Amino acid sequence: MEKLTAAPLMMMLVMVMGICSCIRGVVFKVGDSQGWTTINTPNYTHWAASKTFHTGDILVFQYNRNFHNVIQVTTLAAFKSCDASNPFAVYNSGDDTINIRRPGHYFYLCGFPGHCQAGQKVDIRVPKAPWPPSPSPSAGPTSSLSPSPIPAVAPVPSPTESISASSPTLAPKSKDISATFWTLFRTLAPVALVVAFAC
């Protein structure tokens with residue numbers, strides 16, 4: 001029986017994990033339908049508290065760029081005092097997308113005079129806990145989670161073919177499995193790399 005080496009299997013695992021980490025992110029429009037504004041005084045503290053943020057999520061700030069901007073500050077003191085004099089980043093497109101790449105606090109405020117003081121600021125808290133959380137064990141009987149063998153499936157004959165009782169269904173040979181793996185690997189590797197670099 002032909003054996004697959006550990007290196008290609010490990011590389012495939014890394015690519016799958018990279019794809020999964022990109023796919024899992026959630027897109028949050030800051031302020032939901034109101035967006036990033038001072039009109040109707042949205043409560044961004046309440047908005048952020050009602051969400052659960054994770055690494056890989058995306059924040060979208062939508063606003064009228066003639067009246068607002070988004071300034072990221074790095075300290076709680078600057079956030080609380082609405083001090084935008086030493087920004088980490090400034091966004092002013094009116095439709096800003098920010099990727100959350102690591103756990104921590106992300107402080108954003110509007111730098112237009114009086115807007116932050118009126119409440120146009122948000123503290124995004126990203127916990128260090130892994131995502132998604134592990135399911136809690138359920139009460140009740142436990143079952144064995146050992147995998148069952150997957151039976152080989154014969155192709156379904158067309159209506160014009162006859163089914164022969166003496167035609168056995170054979171499992172694929174190890175060479176066929178190896179060839180299938182390498183074909184799949186060569187097909188998915190470029191796609192996985194593009195997705196990984198896009199994230």
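Here the structure is a predicted model, which is why all the values come from computation and not from measurement.
Note on residues 26-86: pairs passing disulfide bond (SG atoms under 2.5 Å apart), not counting sequence neighbours, are C82-C116. Residue pairs satisfying the side chain to side chain donor-acceptor pair (under 3.5 Å) criterion with at least one member in residues 102-122, sequence neighbours excluded, are listed as follows: H68-H115, H68-Q120, H105-D123, H115-Q120.
Using modelled atom types, one side-chain atom of N64 and one backbone atom of N66 make a donor-acceptor pair closer than 3.5 Å. Proximity of a side-chain donor or acceptor of D57 to a complementary backbone N or O of I100 within less than 3.5 Å is not detected.
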Show, in sequence, the C-alpha distance, side-chain angles and deciding distance for L59 and F53, and conclude whether the side-chain contact (heavy atoms from CB on, under 4.5 Å) test is met.
CA-CA 10 Å; L59 302 174; F53 301 101; 3.9 Å; yes
Begin with the C-alpha distance, continue with both residues' side-chain angles, and end with the deciding distance and a verdict on side-chain contact (heavy atoms from CB on, under 4.5 Å) for V27 and V60.
CA-CA 7 Å; V27 176; V60 176; 3.6 Å; yes
**From CA spacing to verdict: side-chain contact (heavy atoms from CB on, under 4.5 Å), Y63, V70** = CA-CA 9 Å; Y63 54 92; V70 179; 3.6 Å; yes
- request: Let me see the working for N69 and C110 under side-chain contact (heavy atoms from CB on, under 4.5 Å), right down to the final yes or no.
  value: CA-CA 5 Å; N69 62 11; C110 181; 3.8 Å; yes
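The same ILVMFWY cluster, assembled from side-chain heavy atoms under 4.5 Å apart, contains both V122 and I98. If you chain together hydrophobic residues whose side chains sit under 4.5 Å apart, Y91 and Y44 fall into the same group. Linking ILVMFWY side-chain heavy atoms closer than 4.5 Å, directly or via other members, places V30 and V90 in two distinct hydrophobic clusters.
Smallest separation of non-hydrogen atoms from S33 and K29: O-NZ, 3.9 Å. For A84 against V73, the heavy-atom pair with the smallest separation is CA-CG1, 4.4 Å. Shortest non-hydrogen contact noted between R65 and S93 is CD-O, 3.7 Å. For P103 against P127, the heavy-atom pair with the smallest separation is CB-O, 3.6 Å.
Under the 30°/60° scheme for interplanar angles, the aromatic rings of F61 and W36 are found to stand perpendicular. Using cut-offs of 30° and 60° on the angle between ring planes, the pair W47 and F28 is perpendicular.
Checking each of T74, I124, T75, L76 against F107 for a side chain to side chain contact (heavy atoms under 4.5 Å, CB included) leaves exactly one that passes, namely L76. Of the residues listed (N43, I39, T41, N40), the one engaging Q34 in a side chain to side chain contact (heavy atoms under 4.5 Å, CB included) is N40, and it is the only one.
By the salt bridge (charged side-chain N to carboxylate O under 4.0 Å, His left out) test, D95 pairs with no residue at all, sequence neighbours left out.
Distance check, rounded to the nearest 0.5 Å: CD1 of I58 to CG of D96 gives 13.5 Å.
Other residues, nucleotides and ligands contribute more than 12 heavy atoms inside 6.0 Å of the NZ atom of K51.
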